[in-house]
Chemist: 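Got a structure here, written out as structure tokens. Questions coming.
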There are 2 protein chains.
Amino acid sequence: MKKHEARRAASASFLLAQIGAHAASRFAERLQPLGLSPPHAGILRVLRGSAGLSQQELAVTLKLHPSRLVAIVDELETRGLVSRRENPNDRRTYALFLTETGEATLAEIGRIATEHEEALCASLNKTEREQLAQLLQRIAEEQGLTAGVHPGFSRMGKKSPPAE
Amino acid sequence: MKKHEARRAASASFLLAQIGAHAASRFAERLQPLGLSPPHAGILRVLRGSAGLSQQELAVTLKLHPSRLVAIVDELETRGLVSRRENPNDRRTYALFLTETGEATLAEIGRIATEHEEALCASLNKTEREQLAQLLQRIAEEQGLTAGVHPGFSRMGKKSPPAE
DNA sequence: TATTGTTATACTCTATAACTATA
DNA sequence: TATAGTTATAGAGTATAACAATA
């Protein structure tokens, strides 16, 4: 079977969807050794910036259904990465905090993210990467995407065996 | 609850995953009025370039499981967009072709894709879009992504109610 | 015996909504 | 009565693998 000759000009939108899915998938793979999924990492990251959030607030921030968030927070708590503290003012809610282990894990995730970025953008030099990031940033803003919130969190499950 | 101040510098990889998921989701929405999903569109597009492919070959090209491809081709055939012709040389296989309706639909998909591209890149001018496309193209090539094959096809189902 | 296309089964995941405790 | 968190149920979707026909 003959291969398509080289690569034809593709639209930016298709390339974005294609590379985006690839990037998300690879990042998830890199996270697997830690037993974490991208949503886990997202929660840890938000919690570093806004400690003490309730699950309700966290669900709104990350646009996750509360029922789904419960399971993820349960896992994070079981692993000792996040702690639920009781709220004296409203005993219905929990205030969520990173534990020390959680912070250490988050640092490790940061290293993984850096490696991931490096691998993904290996074909671009520093200037080009900044150029790319700036263009993407403008698209993200104009499209109304919230910083740090991945629309695909809803579907980025726990285990996605690397096809074949 | 206080909003995060403005948008902090995000990594290119996160932006790619974020915008990529957004782009894929929006494109799927635009396709919905036609009753088609991105995988449907992908098959039609491949078939235009390589008419007469067998399902097996198509499955390999698009990296879809044969069992899944059957269902999608069934739908396309039912809608009269694709026809299965018997292969005299090997009666186990079908040769797949676009029908006239299929070609017309593909043209419509092309218009939709153009609108989509326009909407997604509204914040960039022509030069910037080309710049972006070039950078993305280089990443795609270096990452070994096949032209026209979306890794997320496997997961881009039929109906994904536009969450509010 | 190997391969194409197909069908059937099982499994995973997500959302809906019912439930408990507190406000 | 309304809301936070939780749990249970049901629904959708995918992959695994068994099956029939042909090579």
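A, B, ... follow the sequence lines: proteins, then strands. Residue 1 opens every chain.
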Chemist: By the ring pair (Phe, Tyr, Trp, His ring centres under 6.0 Å) test, which pairs, at least two apart or in different chains, include something from residues 48-93 of chain A?
Modeler: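 Those involving residues 48-93 of chain A do not exist here.
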
Chemist: Expressed in angstrom and rounded to an integer, what is the separation of B/Q56 atom CD from C/dG5 atom P?
Modeler: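 B/Q56 atom CD is separated from C/dG5 atom P by 6 Å.
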
Chemist: Find every protein N or O atom lying less than 3.5 Å from an N or O atom of nucleotides 7-10 of chain D, and list the pairs.
Modeler:
none

Chemist: Partners of B/R48 by side-chain hydrogen bond (donor to acceptor under 3.5 Å, both in side chains), sequence neighbours excluded?
Modeler: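 Partners of B/R48 by the side-chain hydrogen bond (donor to acceptor under 3.5 Å, both in side chains) criterion come out as none, since no residue qualifies.
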
Chemist: Salt bridge or not for B/R138 and B/E141, using N-O below 4.0 Å?
Modeler: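 Result for this pair is no, no salt bridge flagged.
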
Chemist: So does B/Q55 get a side-chain nitrogen or oxygen closer than 4.0 Å to the phosphate oxygens (OP1/OP2) of C/dT4?
Modeler: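 Checking C/dT4 against B/Q55, no side-chain N or O comes under 4.0 Å of OP1 or OP2.
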
Chemist: Take the protein atom CD of A/E86 and the nucleotide atom C1' of D/dG5, then report the distance between them rounded to whole Å.
Modeler: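 It is 13 Å, rounded to the nearest whole Å.
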
Chemist: Identify each donor-acceptor pair in which a side-chain atom of residues 97-104 of chain A lies under 3.5 Å from a protein atom, sequence neighbours left out, and give them as a table.
Modeler:
residue : atom : partner : partner atom : Å
A/T99   : OG1  : A/G80   : O            : 2.5
A/T99   : OG1  : A/L81   : O            : 3.3
A/T99   : OG1  : A/T101  : N            : 3.4
A/T99   : OG1  : A/G102  : N            : 2.9

Chemist: Expressed as a whole number of angstroms, how long is the span from A/H65:NE2 to D/dG5:C1'?
Modeler: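 The answer, rounded to whole Å, is 16 Å.
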
Chemist: Round to a whole Å and report the spacing from NZ of A/K63 to P of C/dA15.
Modeler: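 Taking atom P of C/dA15 as the reference, NZ of A/K63 is at 14 Å.
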
Chemist: Rounded to whole Å, how long is the line connecting atom OH of A/Y94 with atom P of C/dT20?
Modeler: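 Whole-Å distance recorded here is 16 Å.
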
Chemist: Please tell me whether A/E142 and B/S123 have a donor and an acceptor in their side chains that are separated by less than 3.5 angstrom.
Modeler: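 No, because no side-chain N or O of A/E142 sits under 3.5 Å from a partner of the opposite role on B/S123.
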
Chemist: Decide whether B/H40 and B/S37 meet the rule of one side-chain donor and one side-chain acceptor closer than 3.5 Å.
Modeler: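 A pair is found: one side chain offers a donor N or O, the other an acceptor, under 3.5 Å apart.
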
Chemist: Calculate the interatomic distance between A/L96 atom CG and D/dG5 atom C1'; express it in whole Å.
Modeler: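 Nearest whole value for this atom pair: 11 Å.
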
Chemist: Which pairs with one or both residues in residues 30-39 of chain A pass salt bridge (Lys or Arg N to Asp or Glu O under 4.0 Å), sequence neighbours excluded?
Modeler: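 Residue pairs with at least one partner in residues 30-39 of chain A: A/R30-A/E115.
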
Chemist: If the sugar-phosphate is the primed atoms plus P, OP1 and OP2 and the base is the rest, what is the B/S/- string for nucleotides 18-23 of chain D, using protein heavy atoms under 4.0 Å?
Modeler: ---BBS

Chemist: So, B/R26 versus A/Q143: side-chain donor-acceptor pair below 3.5 Å or not?
Modeler: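 Result is no, nothing qualifies.
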
Chemist: Atom CD1 of A/I72 to atom C1' of D/dG5: distance rounded to whole Å?
Modeler: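 So the two atoms are 15 Å apart, to the nearest Å.
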
Chemist: Does B/E130 come within less than 4.0 Å of B/K126, counting only side-chain N to carboxylate O?
Modeler: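 Looking at B/E130 and B/K126, the cut-off is met.
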
